[in-house]
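Worksheet for the structure shown next.
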Amino acid sequence: MQYDFRNIEEKWQKTWAERGTFKADNTSDKKKFYVLDMFPYPSGAGLHVGHPLGYIASDIYARYKRHKGFNVLHPMGYDSFGLPAEQYAIQTGQHPKNTTEINIEGCLDDEGNILSKYIDEDESINNEALIDKSKPVTIYDADYRDNVIKGYRRQLDQLGFSFDWSREVRTSDPKYYKWTQWVFIQLFDSWYNTDSDTAEPIESLISAFEKDGNAAVKAVCDDDTPIFSVEEWQAFTDREKQELLLKYRLTYLANADVNWCPALGTVLANDEIVNGVSERGGHPVMRKKMTQWMMRITAYAQRLLDGLDTIDWPQPLKDSQTNWIGRSEGASVSFRVLPLAPAEGGDLNIEVFTTRPDTIFGVSFMTLAPEHELVTKITIPEQKNEVESYIEATAKRSERDRMADVKSITGAFTGAYGEHPFTKEPIPIWIGDYVLAGYGTGALMSVPCGDQRDYDFAKHFGIDIPNIFEGIDISEEAFADKEKTVITNSDFLNGLPYKKAVKKAIAELEKLGQGEGKINYRLRDAVFSRQRYWGEPFPVYYVDGMPQMIADEHLPIKLPEVEKYLPTETGEPPLGNATEWAWDLKQSAVVETKLIDGESVFPLELNTMPGWAGSSQYFNRYMDPHNEDEIYSQDAITYWQDVDLYIGGSEHATGHLLYSRFWQKFMFDRGLVPVDEFAKKLINQGMITGTSALVYRLRLSFKQTDIIGNVEEYLIGFDRMLKSFHSLFVSFDYVKMELGEKESIKFSDNKFLKVRDFLEVYNSDKIDLEIVSVSFDKVHAKVNLVDSSDKLDIDGFKNWQTDYSYSHYLRENGNFTVGREVEKMSKSKYNVVNPDAICEEYGADSLRMYEMFLGPLEQSKPWNTAGITGVHGFLKKLWKLYHSGPNGEFKVTDINSDDNVNGVNTSSEPSNESFKILHKTIKKVEDDIQNFSFNTSVSTFMICVNELTGQNCTSREILEPLSILISPYAPHITEELWHKLGHAESISTAPFPKFKEKYVVESSKKYPISFNGKMRFTMELPLDLDKQQIEDAVMAHEKTQQQLDGRTPKKVIVVPGKIVNIVG
RNA sequence: GCCGAAGUGGUGGAAUUGGUAGACACGAUGGAUUCAAAAUCCAUUGCUCACAAGGCUUGCGGGUUCGAUUCCCGCCUUCGGUACCA
């Protein structure tokens, strides 16, 4: 019997789905275990082999935990709001809801034929069903299925994951985003009490105001919050009260800097901006202030830091969150702006944050971010032009550019001066783009002798560099070593080391009332508004410009329909196009926009929520995903608690993973979740890169003498020079052999004789120019046109790119090979490998095993389909091991079996060797799974099956546990074998085999005998010898004497059970 | 720039605590089987030298150690993140 993976996999996938094998129950006596994957954004391109890597790993772990007797929750869903669907909507007018649904559910029926609703009258396939929408496809095209969207669900299903699909969520489903909106309202209705260090309902803040005003309230709030008394509070109008409360709420409105692109009418992400212009269309981009919803994540800065110590996440990921939060201790210092500055001058102060208050006497200038609000106020008329043009120039640079660029030093003098708090000397105030507006206060006290950037700035603009470090030469560079610091030229700080000087400086500043010790965080409040269509609408309407929440019972507020998905002509977000987008208070319903009267009908919020909104609580929603009354029941969350294992990419380190921790802590504060970290353990899976196939196209450079005798040399595509044929492609083997490491080679070097021959035969009469050198272009070929030995299918290549149909192909030894390069998997590089095709050819079990076999889970690694034959061959061998009967029939022997073959009882005890390899495998695999080292498990299985095959093992006692060991990795084949072994129940809950030490104990060891650290020979010795006995045995060995050649060893190192090393 | 990760045969990788470098695979070469192909099986395969003996070898340069892929110092290269891509 052959290993028929197609039938086996289809059969068991169907059976699992029908039986609900992987449904997790919210009530169970078993211990719970929650394995979570980062849910995908369902893109039209579908899955490539890189996507399932983490899902396979988590599935192995989930299945392993089921074998270990746990009640496992392993859900999957879709992060289905996002930009690509919106971009497509802008281009085609297709509703993102429809494209999203297609991307998830696909366009094929159960037989794999396209659904009739996607076939147009003329039998062509509707554009929305196509992956590559650039050219028309009809149902008569032979391979139309390759270009039809199969849908994420179908692609995931065929990989045999043990997901509990009954719990699926989609962030764009109103039933789901109802609860995203609900959490937003909870945040709006909360403030952060720094006394109790917890978020509290806004009512407690209001009652505090009503009792004592806000002077005594310890809260996280906006910097510009005024102090008011009870009387003042009571005298405030309702609107004033609302404005004040906004300064405390955990989500609030504020003016934030964004990258505004006037031409596109939209805000751009940093990576959508290249060299100061938009990536799409190359339009100018400006920094601009816009009113945005913000999340007061800074309230949680310290707790987000502290929490990192309590979770088992990768250290690099923790490091990046730590750096992101960026805690620094120092002092805030207030500098008076000297009144000789013009206009409003006089009472202006500049707040700076410094980590080095000890260097305050080294200040020789101040630097403000060009965006700093005081810049326009303090700039003197003479400097106005210079300052303004500088501000304009920096507005065009992205923050990342400004941070990355340390070489060009730019800035402008405002003409204004600050006053040193102690010396009262005037300090010139500059602006410079190395100061970022959102970082600290957006202003620096510049100490050139102690900070390299300040030093460079001072040198560049000829500003003083006073030295305040004892015994340090600062003529070449700044001195930033805190440990070796001794302060001098600094009045009361003279002679003090760093730590004492800091303390003293802060104390003196406090005496003056011009500063205090302060902890600063780099973390900023998160912008929560997006000027997009395809996102969660806010449950917010505006009365007199003040935001009001819509009551819980009216949620969800569903996304309105719009004609166009672009911003409006007046620059409002796409929701501004909606004709039905107003809140009627009386009816408690969304009504037509034109009914807005400011009395009972009010405008709704036009922004939508960002991508991370929907993913910040989804892990909790999975626990009770269809609950319509609560975000989840308390029973469900009490049972499941938190995620035990979360697998996903490290690119989410400071986005999703930080925001989710913030929301979880908030939910914890409000008593909605039992723990304040949502995932105990997290593993980052690496990227799978593509292995591109590159075909080498000849380029020749020619020399030509023109009429007046100038000699010109130029490089030209061969095809353009010679009309008689198209490009000449040359086998990579030959190119490499002739070219070596060089890029190009002189024609006179007498290489590439084959090319010369070729030119002579085909074009001798056409070449009237002198060839100078030979080089090559690399052309990407589709990877599936290349086989495991890098040979190109030339006919396939010609068919695929008809431009090359008439090209010539120069072979080497009858083969035409391509070069290989590892690059990111992408459509444009033709190196994307689709899991469907792999499943079709080798099966899901082979794909799962191979993805694991590629290498360590956390590392990025290149995909090369060629290698899959190794694991596929292994599965065939595994199958054979259980099918050693006549004609490949299934055969397993029991110890007490009555089986008789020709009168001989075939029952047999497994051999000691069989037990040994089985138990070695159990030990290794269990260790591997616990260490997430899945690649080494696959090797271990191979060794085990190879050995058992060699031993002709057929014992149930061996083969039954073996199938369980392999089943997390290759669930289909092992389920089939399990079934054949006579079990009615799924293998998935069979108990994991127990490792028994007694089967693997060794009595002797093959010792490596080294001389001066180099292994020369091995020697088998009993393990119970002591050091001296081993030494004696080794010294007595003839090869030892041979090696020593008469010398006496200086020293003999014996490590029992490990090695012997003879020195001398 | 800053932060993080990784460099081992032709390729993916293994070596769990400092102890036989290259497990397990892919590819390649030769052979068996076959009318032939596929499939399967066997042998060889880090480099170097004609063989053997030997020498060299974990990105580069140092160091610690009886012994370093592993620990320390200094460099180089590639990749990821860098606040509106998801």
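The basis for the numbers below is simple: all heavy atoms, side chains too, and nothing from hydrogens, waters or symmetry mates. Per chain, numbering begins at 1; letters A, B, ... match sequence-line order. For clarity, every value in this text was computed on a predicted model and none was experimentally measured.
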Could you tell me the separation between the [atom1] atom of [X] and the [atom2] atom of [N], rounded to a whole number of Å?
{"X": "Leu523(A)", "N": "rU82(B)", "atom1": "CG", "atom2": "P", "answer": "15 Å"}
{"X": "Ile1009(A)", "N": "rG67(B)", "atom1": "CD1", "atom2": "P", "answer": "17 Å"}
{"X": "Arg820(A)", "N": "rG10(B)", "atom1": "CZ", "atom2": "P", "answer": "18 Å"}
{"X": "Ile1062(A)", "N": "rG19(B)", "atom1": "CD1", "atom2": "C1'", "answer": "14 Å"}
{"X": "Leu658(A)", "N": "rC3(B)", "atom1": "CG", "atom2": "P", "answer": "19 Å"}
{"X": "Asn684(A)", "N": "rA6(B)", "atom1": "CG", "atom2": "P", "answer": "12 Å"}
{"X": "Lys923(A)", "N": "rU16(B)", "atom1": "NZ", "atom2": "C1'", "answer": "9 Å"}
{"X": "Tyr521(A)", "N": "rA83(B)", "atom1": "OH", "atom2": "P", "answer": "22 Å"}

### Message
Could you check whether the side chain of Asn323(A) and the base of rC3(B) have a donor-acceptor pair of N or O atoms closer than 3.5 Å, going by distance alone?
### Response
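No, the side chain and the base share no sub-3.5 Å donor-acceptor pair.
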### Query
Between the base of rU17(B) and the side chain of Lys1058(A), is there any donor-acceptor pair under 3.5 Å?
no
Taking only the [atom1] atom of each, what is the distance from [N] to [M] in whole angstrom?
{"N": "rU44(B)", "M": "rA23(B)", "atom1": "P", "answer": "13 Å"}
{"N": "rC51(B)", "M": "rC41(B)", "atom1": "C1'", "answer": "30 Å"}
{"N": "rU17(B)", "M": "rG13(B)", "atom1": "C1'", "answer": "22 Å"}
{"N": "rA6(B)", "M": "rU58(B)", "atom1": "C1'", "answer": "14 Å"}
{"N": "rU70(B)", "M": "rU65(B)", "atom1": "P", "answer": "16 Å"}
{"N": "rG61(B)", "M": "rU8(B)", "atom1": "P", "answer": "15 Å"}
{"N": "rC66(B)", "M": "rA14(B)", "atom1": "P", "answer": "31 Å"}
{"N": "rC26(B)", "M": "rA39(B)", "atom1": "P", "answer": "12 Å"}

Check whether the side chains of [X] and [Y] place a donor and an acceptor atom closer than 3.5 Å, and report yes or no.
{"X": "Asp928(A)", "Y": "Ser937(A)", "result": "yes"}
{"X": "Asn255(A)", "Y": "Gln292(A)", "result": "no"}
{"X": "Thr817(A)", "Y": "Asp733(A)", "result": "yes"}
{"X": "Asp525(A)", "Y": "Thr298(A)", "result": "yes"}
{"X": "Asn831(A)", "Y": "Ser692(A)", "result": "yes"}

Counting side-chain heavy atoms from C-beta on, which of [options] comes nearest to [X]?
{"X": "Ile943(A)", "options": "rC26(B), rU16(B), rC24(B)", "answer": "rC24(B)"}
{"X": "Lys1014(A)", "options": "rC24(B), rA86(B), rC56(B)", "answer": "rC56(B)"}
{"X": "Val1055(A)", "options": "rG19(B), rA14(B), rU20(B)", "answer": "rG19(B)"}
{"X": "Asp79(A)", "options": "rA5(B), rA86(B), rU40(B)", "answer": "rA86(B)"}
{"X": "Leu854(A)", "options": "rA86(B), rG27(B), rG12(B)", "answer": "rG12(B)"}
{"X": "Pro1008(A)", "options": "rU20(B), rA25(B), rG12(B)", "answer": "rU20(B)"}
{"X": "Tyr41(A)", "options": "rA86(B), rG12(B), rG4(B)", "answer": "rA86(B)"}
{"X": "Asn1061(A)", "options": "rG4(B), rC66(B), rA14(B)", "answer": "rC66(B)"}
{"X": "Asp927(A)", "options": "rU16(B), rG19(B), rG80(B)", "answer": "rU16(B)"}
{"X": "Lys1051(A)", "options": "rG55(B), rC66(B), rC26(B)", "answer": "rC66(B)"}

### Query
How about Trp863(A) and Tyr850(A): are their ring centres within less than 6.0 Å of each other?
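Yes, the ring of Trp863(A) comes within the 6.0 Å limit of the ring of Tyr850(A), centre to centre.
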Under 3.5 Å for both donor-acceptor distances, Watson-Crick or wobble: does [N] have a partner, and if so which one?
{"N": "rU40(B)", "answer": "rA32(B)"}
{"N": "rC2(B)", "answer": "rG81(B)"}
{"N": "rG19(B)", "answer": "rC66(B)"}
{"N": "rG7(B)", "answer": "rC76(B)"}
{"N": "rG12(B)", "answer": "rC24(B)"}
{"N": "rC51(B)", "answer": "none"}

Using a 4.0 Å heavy-atom cut-off, does [X] contact any base of the nucleic acid, only the sugar-phosphate backbone, or nothing at all?
{"X": "Pro856(A)", "answer": "sugar-phosphate"}
{"X": "Ile1053(A)", "answer": "base"}
{"X": "Trp863(A)", "answer": "nothing"}
{"X": "Gln315(A)", "answer": "nothing"}
{"X": "Asn935(A)", "answer": "sugar-phosphate"}
{"X": "Arg522(A)", "answer": "base"}
{"X": "Lys876(A)", "answer": "sugar-phosphate"}
{"X": "Thr869(A)", "answer": "sugar-phosphate"}
{"X": "Gln292(A)", "answer": "base"}

### Message
Looking at Asp787(A) and Asp790(A), would you say the former's side chain and the latter's main chain have a donor-acceptor pair under 3.5 Å?
### Response
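Confirmed, Asp787(A) side chain pairs with Asp790(A) backbone.
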### Message
As a test of the definition: with a 90° window around 0 for syn, would you call rG9(B) syn or anti?
### Response
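Syn for rG9(B); the angle stays within 90° of 0.
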### Query
Is the count of non-hydrogen atoms from other residues, nucleotides or ligands lying under 6.0 Å from Lys923(A) atom NZ greater than 12?
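Atom NZ in Lys923(A) is not packed in, count stays at 12 or less.
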### Message
Taking CD in Gln315(A) as the centre, count heavy atoms belonging to other residues, nucleotides or ligands within less than 6.0 Å. Is the count above 12?
### Response
yes
### Task
Taking only the side-chain nitrogens and oxygens of Asn1012(A), find out if one of them lies under 4.0 Å from OP1 or OP2 of rG67(B).
no
### Task
Ignoring backbone atoms, test whether Lys824(A) places a side-chain nitrogen or oxygen under 4.0 Å from the OP1 or OP2 oxygen of rC79(B).
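So the side-chain polar atoms of Lys824(A) never come under 4.0 Å of the phosphate oxygens OP1 or OP2 of rC79(B).
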### Task
Return the 5'-most residue of the pair Asp928(A), Met1015(A) with respect to RNA chain B, ranking by each residue's nearest nucleotide.
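Its nucleotide being nearer the 5' end, the pick is Asp928(A).
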### Task
Name the residue closer to the 5' end of RNA chain B, choosing between Ser650(A) and Ser939(A) according to the nucleotide with the nearest heavy atom.
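In this pair, the answer is Ser939(A).
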